[in-house]
There are 2 protein chains.
Amino acid sequence: MGVNLKDIARRAGVSLATVSNVVNGYRPVGERTRQRVQQAIDELGYSPNLGARHLRRGRTGLIALAIPELTNPYFAELAEIAIAEAAGLGYTLVMENTAADREAELALLDGSRRHIIDGLILSPVRIGREEVLARAATSPLVLIGEGVYDVPHDHIAIDNVAAGHAAIQHLVAIGRRRIAFAGATSGGDRQSAQLRVRGYREALAAAGLPYRPQLVARTDAFGRLDGYQAIQALLALGDPPDAVFGYNDLVAIGALRALAEAGHRVPEDVAVIGIDDIEEGRFSTPTLTTIAPDKREIARLAVRRLVARIEGAEVIGPLSVQTPFRLIRRESTGAPRG
Amino acid sequence: MGVNLKDIARRAGVSLATVSNVVNGYRPVGERTRQRVQQAIDELGYSPNLGARHLRRGRTGLIALAIPELTNPYFAELAEIAIAEAAGLGYTLVMENTAADREAELALLDGSRRHIIDGLILSPVRIGREEVLARAATSPLVLIGEGVYDVPHDHIAIDNVAAGHAAIQHLVAIGRRRIAFAGATSGGDRQSAQLRVRGYREALAAAGLPYRPQLVARTDAFGRLDGYQAIQALLALGDPPDAVFGYNDLVAIGALRALAEAGHRVPEDVAVIGIDDIEEGRFSTPTLTTIAPDKREIARLAVRRLVARIEGAEVIGPLSVQTPFRLIRRESTGAPRG
DNA sequence: CGTTGCCTCTATAACGTTATAGAGCCGTCT
DNA sequence: AGACGGCTCTATAACGTTATAGAGGCAACG
C-alpha cells in the first residue's frame with residue numbers, strides 16, 4: 001500500500017540496508033548518499049512500517065496504561081501526564097480500560113495483546129498477589145495505586161495508611177469528633193480502601209476518639225453516586241456525623257451532594273475531605289479539601305521505570321516506591337472562600 | 001521470546017499452515033488434527049504475534065480515537081463507550097491525546113503511526129477542511145464533534161446551532177432576558193463554538209431579545225477555569241446577566257463557581273445551562289441543566305462506520321450524520337431539588 | 001482398473017524491516 | 001610494491017504470520 005524501503009532504495013539507487021541506516025542512523029552513511037536518500041524519502045513521503053520494524057526488532061515502542069475507569073478524573077489526569085512522559089522517551093502510550101473487571105485485568109497480564117506492547121502499567125483492582133505472581137508473560141510490569149504488594153515488580157503508590165491518618169488528623173484539628181468514612185469495601189480486593197480505613201481507625205485511636213462501625217459506609221464502587229448513596233443511607237440512620245472522609249474525591253463529591261440535599265451545611269454542620277485532588281474539587285461548591293497525591297511524580301516514575309526495564313537498564317532503588325502527598329485545605333473543611 | 005506457530009507445529013507434528021488454519025479457521029482442518037493442535041496451543045500457551053499477523057494481513061485490528069483532552073469528562077465518557085463498541089466488533093481502540101494541538105492533529109492525520117492503525121476517529125479542534133482534504137494517508141477517517149464540514153469522510157456530530165437554540169429557548173421560557181454566552185472563540189478554528197454562538201444569536205432574535213456583544217465572553221479553551229474567569233470578567237463589568245449559556249458543561253461549572261463566589265444565587269439571580277451532560281453536572285450544587293447529546297449513539301456510530309469502511313463494507317446513508325440531543329432540566333435553571 | 005474429484009494437509013513465498021557478514025575501494029604504512 | 005586498515009556500501013537471512021499452489025490419499029464413478 002504505502003511507500004516502503006524498497007521504493008526509496010530504488011529511487012535513490014542504493015541498497016535497502018543503506019536506506020535503513022539513513023533512517024535509523026545505526027551505521028554511518030556517506031554525506032552524499034545520505035542526502036540522496038533523504039531526498040527520496042521526502043519526495044515519496046516515506047514513513048517506516050512500525051509493524052514490520054517491530055517484527056524484526058522485537059519491540060513496538062508501545063506501552064500500555066491500564067486503568068479501572070477512564071471517567072474517573074484522577075486516572076484521566078494521571079494518564080495525560082503519562083502520555084506526555086512516554087512521548088518524551090520515544091514511546092507511545094495506549095490506554096486500556098479494565099472497567100474494574102477481573103477478567104479484563106487478567107487478560108492484560110497475560111493476554112494476546114502482550115505481543116504488541118513492550119510493557120504494561122497496571123492499576124489493579126480485582127486481582128491480587130497470586131494472580132500477579134502467576135503471570136507468564138515476560139514483558140515488564142509496573143503496578144500503580146491500589147495495593148498489590150510483595151511481588152517482583154515495580155510498584156508506585158502513596159502510603160494509603162498515612163494518607164488516611166493525615167485526613168483524620170485534619171478533621172480532628174478543626175474540632176470534629178463524629179467522623180464517618182465513605183467507601184469501605186466488603187471483599188478482599190480493593191486493598192487501598194482497606195488501607196485507608198486502617199489509617200482512619202488508627203488516627204481516631206490516636207486522637208482518643210471511639211471507632212463507631214455504623215459510621216463506616218460500604219460502597220460497591222468509588223464514584224459520585226456511591227458516595228451519594230452511602231451518605232444518604234448514613235443520614236437515614238439519624239445521629240449524623242460532623243465530618244466525612246471519602247475514599248476519594250468522587251465519593252466525597254457525592255457526599256457533598258447528599259449533605260446538601262438533606263439540608264446539612266458544609267462545612268458548618270459537616271466537614272468533608274477526599275483524596276486525589278481532581279480539578280472538579282477546586283470548582284465544586286463548596287470547594288473540596290483533599291489529600292493530593294503527587295500525580296505527576298506517580299505517572300512519571302511509572303513510565304520511567306517501565307521504560308528503563310524495557311531497555312534493560314539497571315534500575316536503582318527499591319522496587320516499591322511511595323510517592324509524597326499533601327493536604328490541600330479548601331472550603332469543605334472551613335478554608336475561607338476564594 | 002514467546003511461543004510461536006513453529007513451536008506448536010512441531011509439538012503437534014503438523015505443518016505451520018495447519019496450525020494457522022486451526023487458529024484462524026480459514027480452511028477446514030480435520031477433527032483429530034484440530035484437537036491435537038488445540039492441545040499443543042493450550043499446553044504451550046500460544047498467542048499469535050499480532051505484529052507479524054499485521055505485516056502479513058495488512059491490518060492490525062487497532063483503531064485510534066483522538067480527542068483533544070482526556071481530562072474532559074465528555075470525551076472520557078465517549079471514549080469508554082467507544083472502547084466497548086470497538087471490542088464488540090473485534091477491534092482494539094487506542095486513545096490518542098491531541099491536547100488540542102495543531103501539530104498533534106496533523107501528525108495523526110498523516111503520521112508515522114498510520115501503519116499501526118487501521119482507522120482513525122478524530123475530534124478536530126485546530127485543523128479545518130483544507131488540512132483534512134490534504135491528507136495523504138488512505139486509511140479510513142471518521143470525524144466527530146467539532147466541525148469540519150464538506151469533506152469526503154464520515155462525520156458524526158450534533159446540530160450545534162439547534163443545540164444553541166434549544167438552550168436559549170429554555171432560558172427565555174423561564175423568563176430570562178439578559179443571557180450571556182461563555183466560551184466564544186476569536187480564531188477561525190473551533191467551529192462548534194461559533195455554531196453554538198450562532199444558535200444563541202438566532203434564538204435571541206427569534207425571542208425578540210437584543211444581541212449584546214458585551215454578554216459574549218471569549219475563552220482560550222473550554223475548561224472549568226475558562227468558564228470561571230470568563231464569568232468573573234463579565235461580572236466585573238457590572239450589570240450582570242440573568243442567565244449564562246456555557247459552551248459546555250465544564251465552562252458552565254466554572255461559571256457556577258464564579259457566580260457563587262460573587263454572591264449570585266443560582267438559579268434565582270442567574271440561571272446556568274451547559275452542553276454535554278457530564279456526570280459531574282448531576283452532582284454539582286446546584287445540579288446543572290444541560291443539553292445532552294446522545295453520547296452512546298455518537299460513539300457507536302463513529303466506531304461502526306469506521307469498522308465498516310475498514311472492512312470495505314457498503315456504508316448506507318449520508319456521510320454526515322447529526323445525532324439527537326435533549327434538554328435535561330436541573331436545579332441551575334429552576335428544577336426542584338432531588 | 002484408471003480417472004476424477006474431494007478432502008486434508010504441506011511446502012513455500014511473500015509482508016517490510018533490521019542485523020550480520022562481507023565486498024570493494026582508496027589511501028597509508030612498511 | 002604489497003599488505004593492511006578504514007570507510008562505505010551491499011547482499012541476504014532472519015522476525016512470525018498468512019495465502020497460494022499443490023501433493024497425497026481415498027472413495028466414487030465410468
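Chain naming here is simple, since letters A, B, ... match the order of the sequence lines and numbering starts at 1 in each.
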Asker: Taking OP1 and OP2 of D:dG16, is either one under 4.0 Å from a side-chain nitrogen or oxygen of B:Asn4?
Answerer: yes
Asker: Within the 4.0 Å heavy-atom criterion, would you say B:Asn21 contacts the bases, only the backbone, or no part of the nucleic acid?
Answerer: nothing
Asker: In whole angstrom, give the distance that lies between atom CZ of A:Arg57 and atom C1' of D:dA14.
Answerer: 15 Å
Asker: Among C:dT17, C:dT20, D:dT17, which nucleotide sits nearest the side chain of B:Leu16?
Answerer: D:dT17
Asker: With a 4.0 Å cut-off, would you call A:Glu131 and A:Arg102 a salt bridge?
Answerer: yes
Asker: Grab the CG-C1' distance between A:Asn24 and C:dG16 for me, whole Å please.
Answerer: 12 Å
Asker: Do A:Gln322 and A:His155 have side-chain heavy atoms sitting under 4.5 Å apart?
Answerer: no
Asker: I need the CD1-P distance between B:Ile116 and C:dG16, as an integer number of Å.
Answerer: 15 Å
Asker: Between P on C:dT17 and CZ on A:Arg59, what's the gap in Å once rounded to a whole number?
Answerer: 19 Å
Asker: Can B:Glu105 and B:Arg126 be counted as an ion pair, charged N to O under 4.0 angstrom?
Answerer: no
Asker: Side-chain contact, heavy-atom cut-off 4.5 Å: A:Tyr91 with A:Val303?
Answerer: no
Asker: What integer distance in Å separates B:Arg27:CZ from D:dA19:P?
Answerer: 9 Å
Asker: Find the distance B:Arg36:CZ to C:dT8:P and express it as a whole number of Å.
Answerer: 14 Å
Asker: Assign each of B:Leu55 and B:Gly13 to its nearest nucleotide of DNA chain C by heavy atoms, then name whichever residue's nucleotide is nearer the 5' end.
Answerer: B:Gly13
Asker: Sub-3.5 Å donor-acceptor pair from the side chain of B:Arg27 to the main-chain atoms of B:Asn21, do we have one?
Answerer: no
Asker: What nucleotide, of C:dT8, D:dA19, C:dT17, holds the atom closest to the side chain of B:Thr33?
Answerer: C:dT8
Asker: Just the rounded figure in Å: distance from P of C:dC15 to CG of A:Leu5.
Answerer: 13 Å
Asker: Both B:Glu31 and A:Val23 contact DNA chain C. Which one's nearest nucleotide lies toward the 5' end?
Answerer: B:Glu31
Asker: Between C:dT18, C:dC15, D:dC9, which nucleotide gets closest to the side-chain atoms of A:Thr18?
Answerer: D:dC9
Asker: Ignoring hydrogens and geometry beyond distance, is the side chain of A:Arg56 in donor-acceptor contact with the base of D:dA14 at under 3.5 Å?
Answerer: yes
Asker: So, OP1 or OP2 of C:dC9: does either fall under 4.0 Å of a side-chain N or O from B:Ser15?
Answerer: no
Asker: Examine D:dT17: is either OP1 or OP2 under 4.0 Å from a nitrogen or oxygen in the side chain of B:Tyr46? Give yes or no.
Answerer: yes
Asker: If I take atom CG in residue B:Leu50 and atom C1' in nucleotide D:dG16, what distance separates them, rounded to the nearest angstrom?
Answerer: 11 Å
Asker: What nucleotide among C:dT10, D:dC9, C:dT17 has an atom nearest to a side-chain atom of A:Val29?
Answerer: D:dC9
Asker: Which nucleotide in the set C:dA11, D:dT8, C:dT18 lies at the smallest distance from any side-chain heavy atom of A:Arg53?
Answerer: C:dT18
